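All remarks here apply to the structure that follows.
This one's a predicted model, so the numbers in the text were calculated from it and none came from an experiment. Values below: all heavy atoms of this structure, side chains included; hydrogens, waters and symmetry mates excluded. All residue numbers refer to positions in the sequence shown, counting from 1.
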Amino acid sequence: MGHALLFMGRLKEAADACRKAIEINPSLPEAYCYLGSTLAYEGQIAAAIMNFRRALAIKPDFAKANSNLLMLMNYSDSYSSEDIYSASRKWESVQAAVPASRRISLENSNDADRQLRVGYVSTDFCRHPVSFFFESLLRAHNKNSFRLFCYSDVSAPDETTKRLQKLADVWVNSRTMADEMLAELIRLDNIDILVDLNGHTGKKNRLCVFAEKPAPVQVTWLGYPNTTGLTSIDYRLTDAIADPPGDSDRYYAETLVRLPHSFLCYSPPDDAPAVALPPSIEAGIVTFGSFNNLTKIGETVINLWAEILHKVPGSRLLLKHYIFSQSLSMRDRYLKMFHQLGIEETRLLLLPAEATIASHLDMYRHMDIALDPFPYNGTTTTFESLWMGVPVVTLVGDRHAARVGTSILSAVDLGDLIAKDPKKYVEIAIRIADDESWRRELRMTLRKKMAQSCLCNAELFAHDVESAYREMWRRWCLGKSESAVEFTDRT
């Protein structure tokens, strides 16, 4: 019942049902897991993590709880990169140990220059943020040099699924396949490079398939902002801003491959509405906003945003999430948290989700300045904001999830919007709130600037990724060590 109510967005009822289940049977790990998921949706990260740990104390190999715990640690500044790395390595030993008798024998040709067979594995080949970035790569891939396989675990295919399917050379609906069966199919397909697009996300990630090592070279990218913890995954695609060379490398089980421009490439929707003038011009007051997942908007973020609202008289804050139309308790919770910080309800706009991407993007006409959450920055929301001409203020942190905003803004020469500490974050927000002429000019020029940047250059991005793949493959063919090697463009 708790799981069903959670799926429906009825969070208070879901939590009550899970607690009732625990009252009936305190040894039921699923009850703690779903309670943790419910609390995570409410932004109660510490309480959610505590419940995932309770589930694992009962059932140490509970895959869903294990991945949820790792995912949630990225949302909290209570855990260091070392903490997350250690927990991720423990995950491999508990969840992904493969007996020697089950290790797959590979017979891939070690021709370094032949056409490579690349397999992508994901639950998110649908209307999902991952596809907003994956589609640009799939569309721009060099089909002469790479044959592309997609192993799709999508539970509800949609129009995005159909588009991606047409772009792939081979499409496999793998949703009902057990991990061992999928691993064997990948081996039979002679995949040379297998790419994970989930990490510890999704209702059912496929990291245990990668643990079987069904392809000679294995890579993780895009879906998850940290190490998978799997030594069987050889590489992780990133860039030098999201993961600066040096100290960050030691917190990954994978070898980091830093792409030369950005680790992201955005596919703007064809039906994106035209950019509108800043709403402050007509309203006379500045509207800050965030369309990020509420899991990212915890108490620390709310405290800082409330400080900004206090220092910009009359300003408002716009938050948009589907849960606001389904859960009065969630609306009340956020209104109460801001009220306790002296922000009246009239200064908050809590709106439900929109039915289409176009109508969702059109809501940016009501926002003057976007505020990036931390320590887990926005990604898709930052791209959408910039595409709609809305500047984004971000706070740079000490890990990948907290540096994505810095990576994106740097690529469009908006370094002045990157704060090194919370005090500077507030100062930047106040400065651009006071500069209506700058915001107006940026609003009218930012989409063109973004379109001409590396962030929307699919051909350049595909070239960078394919060069990295080819280098990985050459290294496998030569049997070289995987440690601390620079990747060079040899195409």
Side-chain angles (χ1 to χ4, degrees), residues 1-8 28-30 33-34 37 55 59 61-68 70-71 91-92 94-99 101-106 117-132 134-135 138 147-215 218-224 228-230 232-233:
M1 179 67 75
H3 188 203
L5 290 165
L6 172 61
F7 184 78
M8 297 167 69
L28 188 65
E30 290 81 5
C33 184
Y34 291 131
S37 295
K59 185 179 179 181
D61 63 345
F62 189 176
K64 183 64 176 175
N66 250 322
S67 283
N68 283 353
L70 290 176
M71 186 69 195
W91 177 90
E92 181 185 47
V94 171
Q95 210 73 56
V98 178
S101 60
R102 212 170 72 221
R103 288 175 187 162
I104 293 175
S105 177
L106 302 175
R117 299 163 76 89
V118 178
Y120 292 99
V121 183
S122 182
T123 62
D124 301 324
F125 294 142
C126 54
R127 180 181 161 176
H128 185 280
V130 163
S131 290
F132 298 156
F134 176 63
E135 184 171 352
L138 193 61
R147 182 166 172 78
L148 308 175
F149 294 67
C150 287
Y151 299 93
S152 173
D153 276 358
V154 173
S155 57
D158 56 18
E159 291 302 314
T160 300
T161 309
K162 293 177 183 177
R163 284 201 315 274
L164 296 175
Q165 189 168 357
K166 291 178 181 178
L167 295 172
D169 294 307
V170 178
W171 186 273
V172 178
N173 183 357
S174 55
R175 190 171 72 89
T176 60
M177 294 183 185
D179 288 339
E180 290 180 45
M181 182 185 299
L182 179 55
E184 179 62 15
L185 175 62
I186 290 167
R187 182 193 69 81
L188 292 173
D189 284 338
N190 288 310
I191 297 301
D192 300 306
I193 299 177
L194 188 66
V195 186
D196 159 56
L197 300 180
N198 267 115
H200 290 282
T201 68
K203 294 180 180 178
K204 182 186 72 171
N205 67 61
R206 289 292 196 163
L207 291 178
C208 287
V209 170
F210 285 79
E212 305 256 356
K213 195 69 172 179
Q218 300 194 149
V219 183
T220 186
W221 169 60
L222 192 58
Y224 178 68
T228 62
L230 279 179
S232 60
I233 295 184

Would you confirm whether [X], through its side chain, and [Y], through its main-chain N or O, come within 3.5 Å as a donor-acceptor pair?
| X | Y | result |
| --- | --- | --- |
| Arg117 | Phe149 | no |
| Asp61 | Val94 | no |
| Ser232 | Glu212 | no |
| Lys204 | Arg175 | yes |

From [X] [atom1] over to [Y] [atom2], what is the distance, rounded to the nearest 0.5 angstrom?
| X | Y | atom1 | atom2 | value |
| --- | --- | --- | --- | --- |
| Leu230 | Lys213 | CG | NZ | 10.0 Å |
| Asp196 | Tyr120 | CG | OH | 12.0 Å |
| Arg147 | Asn190 | CZ | CG | 11.5 Å |
| Asp189 | Ile191 | CG | CD1 | 5.0 Å |
| Leu182 | Glu180 | CG | CD | 11.0 Å |
| Ser152 | Gln165 | OG | CD | 8.0 Å |

Closest approach of [X] and [Y], non-hydrogen atoms and distance?
| X | Y | answer |
| --- | --- | --- |
| Ala55 | Pro29 | CB-O, 3.4 Å |
| Trp221 | Val195 | CB-CG1, 4.5 Å |
| Asn66 | Trp91 | CB-CD1, 3.5 Å |
| Asn198 | Ser122 | OD1-CA, 3.3 Å |
| Lys64 | Cys33 | CG-SG, 4.0 Å |
| Thr201 | Gly223 | CG2-O, 3.5 Å |

**Report entry** Set of side chain to side chain donor-acceptor pair (under 3.5 Å) partners for Asp153, sequence neighbours left out
**Finding:** Ser174, Arg206
Query raised in the report: Please walk me through it: do Leu164 and Thr161 pass side chain to side chain contact (heavy atoms under 4.5 Å, CB included)?
Result: CA-CA 5 Å; Leu164 296 175; Thr161 309; 6.0 Å; no
Query - Candidate pair His128 and Val154, rule side chain to side chain contact (heavy atoms under 4.5 Å, CB included), full reasoning - result: CA-CA 10 Å; His128 185 280; Val154 173; over 6 Å; no
Query raised in the report: Taking the side chain as C-beta and beyond, is there a heavy-atom pair between Thr220 and Leu207 under 4.5 Å?
Result: no
Query raised in the report: Do the side chains of Tyr151 and Leu185 get nearer than 4.5 Å, heavy atoms only?
Result: yes
Query raised in the report: Pick from Leu197, Thr160, Val130: which one makes a side-chain contact (heavy atoms from CB on, under 4.5 Å) with Phe125?
Result: Leu197
Requested in this report: Indicate whether any N or O donor in one side chain lies under 3.5 Å from an N or O acceptor in the other, for Ser67 and Asn205.
Outcome: yes
Query - side chain to side chain contact (heavy atoms under 4.5 Å, CB included) partners of Ala168, counting only residues at least two apart - result: Cys150, Trp171
**Report entry** Residue pair Val121, Val209: steps toward the side chain to side chain contact (heavy atoms under 4.5 Å, CB included) verdict
**Finding:** CA-CA 10 Å; Val121 183; Val209 170; 5.9 Å; no
Query raised in the report: When you look at Glu159 and Arg127, which way does the side chain to side chain contact (heavy atoms under 4.5 Å, CB included) test go after all the steps?
Result: CA-CA 8 Å; Glu159 291 302 314; Arg127 180 181 161 176; over 6 Å; no
